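A quick write-up on the structure given underneath.
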There are 2 protein chains.
Amino acid sequence: MIVQKDKIEELDRKKEQIIEAALKRFSHFGIPKTTMNEIAEDLSISKALLYYYFPDKISLAYEVAEFIIAEFLKQHELIFENAASCFEGLQDLISFRIAFGKKYFMLHIHDKQTDVSVHDVRAQQFICSLRENELSLITAFLEKAKQNGELKAVDSQEIAKILMDMLTGIWICEMYVNHKTLIPNDQQFHTIKTKMEKIIHVFYEGIKNNNHGTANSK
Amino acid sequence: MIVQKDKIEELDRKKEQIIEAALKRFSHFGIPKTTMNEIAEDLSISKALLYYYFPDKISLAYEVAEFIIAEFLKQHELIFENAASCFEGLQDLISFRIAFGKKYFMLHIHDKQTDVSVHDVRAQQFICSLRENELSLITAFLEKAKQNGELKAVDSQEIAKILMDMLTGIWICEMYVNHKTLIPNDQQFHTIKTKMEKIIHVFYEGIKNNNHGTANSK
DNA sequence: TTTCTGACTTTTTTAATTAATTAGTCAAAT
DNA sequence: ATTTGACTAATTAATTAAAAAAGTCAGAAA
């Protein structure tokens, strides 16, 4: 029984090693430019062994994605927990999103017109699930601020949705419309951050409670 | 002298005819899928004649673009002139942008990875100029509302920029991220419109003058 | 002289073929 | 149960040939 459990743990540890190695390659060169052979070589194992632990390349990629998404959501929670106010929480959220994007944007780069996410149901569901998770975190955060009296009586979920749409929109707009460089540079990230901060500022003015907050805080 | 002038006018009229014929094709099939021969055939003229009036296809495309951009900006002005309030003006702006997008989105569709706008300096400048024109119109509109007392003392240009970023962002996000269909459908346009309206709502709350406006309007 | 055309050349796209690389499998070894 | 080398199948990249479209020009028509 205990032996059985140890085995499972070891299997998981091995999978984790593979995921970490794959993540390194994927986040550096992107998924299409990473071969299963390279991942295997990095770990000094045979390619066949990768297929012992993962059914195919795309499944490995998804597990890698799940791995970093877990980190992404965990950080979200932390930021919201430690936020001194709703406004500061939103600002921290932006900083984090930019830093996270810098670190992992290669995972998002699609080679030519060959983009997995278009027709793949699995990708659609994956993104959908991520969005929902993020949405509920932000909604909860806004809800808390509303109960606090920092925000006025708004529909938290509706506001959270709008907020997410705007942030994603600005990102895409800057990356894929204004400066279509396949590999984004620091300047672009900085521009996006600045724009997001400005948006958050006006946005916050629109949802904050004018009877409470800064006016009363003295 | 007068003869010379008539000649010039006639030349312009001919160019206009070509532009209109080209616009029909371009807005229906997109620029890459429209051939110079087709445009010539539509007008029952020879292809060589097109090259008598326009140096090349891309120049024709730009003149077509300038033609509809003029319409775009003209409508902007009209909307802002006739707006009963800043908020209603912004709402009308959204309705117009959606309608305009429905009509001319084909001009924007890029074939595969072959997208003119990426490396073409002319395209960059064109878009830049359009943005600036739109920006100054919106800025002026906000400035007017500020002087009216409808808006609080904000930096009108800054706010206009943010507004434009947000609207473009939502558009791009919905079109190219959420539902990557090359030819957008009515449902998508409707979704975008709804999102924009929600954003405008919060946004307006953030910039309106709380001492004036709705509170005092009775 | 200005506007226009048919016949032409050059450049770009598209399609088809082939070569090379990579994903994925499996019998056998540890 | 885990691991591998040697294998096949599927994709991707490179090459080439064919087709289509862009663009030119000498000269006709107005």
Side-chain angles (χ1 to χ4, degrees), chain A residues 1-18 21-22 25-26 29-64 109-116 118-120 122, chain B residues 1-18 21-22 25-26 29-64 109-116 118-120 122:
Chain A
M1 205 69 122
I2 287 168
V3 175
Q4 181 69 3
K5 199 186 164 193
D6 282 357
K7 289 273 177 182
I8 288 170
E9 270 172 14
E10 200 172 324
L11 186 138
D12 282 351
R13 199 157 61 242
K14 192 90 191 186
K15 281 190 80 174
E16 221 167 273
Q17 278 172 14
I18 295 172
R25 285 269 171 191
F26 288 161
F29 304 104
I31 297 166
K33 289 279 181 195
T34 298
T35 71
M36 293 297 266
N37 254 318
E38 286 166 346
I39 297 170
E41 277 165 25
D42 288 351
L43 290 161
S44 305
I45 59 172
S46 74
K47 183 177 65 169
L49 191 55
L50 292 181
Y51 286 92
Y52 176 76
Y53 288 103
F54 299 90
D56 47 33
K57 188 186 180 183
I58 198 68
S59 297
L60 171 56
Y62 275 116
E63 292 215 29
V64 167
I109 277 182
H110 39 255
D111 212 16
K112 292 169 194 173
Q113 69 266 53
T114 316
D115 188 356
V116 183
V118 189
H119 300 292
D120 188 6
R122 198 168 164 190
Chain B
M1 207 64 123
I2 287 169
V3 174
Q4 182 69 3
K5 199 185 163 193
D6 281 0
K7 290 271 177 179
I8 288 170
E9 267 172 15
E10 200 171 324
L11 186 138
D12 283 352
R13 200 156 60 242
K14 192 88 191 188
K15 281 190 80 172
E16 220 167 274
Q17 279 171 15
I18 295 171
R25 285 268 173 191
F26 287 161
F29 304 105
I31 297 167
K33 289 279 182 196
T34 299
T35 73
M36 293 298 263
N37 254 319
E38 285 166 347
I39 297 169
E41 277 165 28
D42 288 350
L43 291 161
S44 304
I45 59 173
S46 74
K47 183 179 63 170
L49 191 58
L50 292 180
Y51 285 93
Y52 177 74
Y53 288 103
F54 298 90
D56 48 31
K57 187 186 179 182
I58 197 70
S59 298
L60 171 57
Y62 274 116
E63 294 215 29
V64 167
I109 276 182
H110 39 254
D111 212 17
K112 293 168 192 172
Q113 70 264 53
T114 315
D115 187 356
V116 185
V118 188
H119 299 293
D120 188 6
R122 198 168 166 190

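The chains referred to below are lettered A, B, ... by the order of the sequence lines, with proteins before strands, and numbering in each begins at 1. Keep in mind it's a predicted model, so treat the numbers as computed, not measured.
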Spatial distance of atom CD1 (A:Ile18) from atom CD (A:Glu63) [nearest 0.5 Å]:
9.5 Å

Whole Å only: how far is the CD atom of B:Glu41 from the C1' atom of C:dT5?
14 Å

Closest approach of A:Phe26 and A:Ile31, non-hydrogen atoms and distance?
CD2-CA, 3.7 Å

Taking atom C1' of D:dA1 as reference, at what distance in whole Å does atom CG of A:Asp12 sit?
15 Å

In terms of side-chain heavy atoms of A:Ile45, which of D:dA1, C:dC4, D:dT4 is nearest?
D:dT4

What's the separation between atom CD in A:Gln17 and atom CD1 in A:Ile45, rounded to the nearest 0.5 Å?
8.5 Å

Please check the phosphate of C:dC4 (OP1 and OP2 only) for any side-chain N or O of B:Tyr52 closer than 4.0 Å.
no

Under the side-chain hydrogen bond (donor to acceptor under 3.5 Å, both in side chains) test, residues paired with B:Asp56 that sit two or more places apart:
B:Ser59

Please tell me if the side chains of B:Leu49 and B:Leu43 come closer than 4.5 Å, counting only heavy atoms from C-beta onward.
no

Between CG of B:Leu49 and P of D:dA30 the distance, given in whole Å, is 14 Å

Please report the distance, rounded to the nearest Å, between CG in A:Asn37 and P in C:dA20.
18 Å

Enter the inter-axis angle for the ends of the helix from C:dT1-D:dA30 to C:dT30-D:dA1 (five pairs per end, rounded to 10°).
40°

Heavy atoms only, 4.0 Å cut-off, all strands: where does B:Ser59 land among base, sugar-phosphate and nothing?
nothing

Mind checking what makes side chain to side chain contact (heavy atoms under 4.5 Å, CB included) contact with B:Tyr51, not counting sequence neighbours?
B:Met36, B:Lys47

Just how far, in rounded Å, is P of D:dA30 from NZ of B:Lys14?
13 Å

note: A:Arg13, atom CZ; D:dT2, atom P; distance rounded to Å ~ 12 Å

Taking side chain to side chain contact (heavy atoms under 4.5 Å, CB included) as the test, write out the residues that go with A:Glu38, two or more places apart.
A:Arg25, A:Thr34, A:Thr35

Could you tell me how far apart A:Ile31 (CD1) and C:dT22 (P) are, to the nearest whole angstrom?
16 Å

Nearest whole angstrom, please: distance from the C1' of C:dT12 to the NZ of B:Lys33.
13 Å

Where protein sits on nucleotides 24-30 of chain C, one letter per nucleotide: B base, S sugar-phosphate only, - none, heavy atoms under 4.0 Å
BBB----

Tell me the closest heavy-atom pair linking A:Ile39 and A:Leu60, and the distance in Å.
CD1-CD2, 4.0 Å

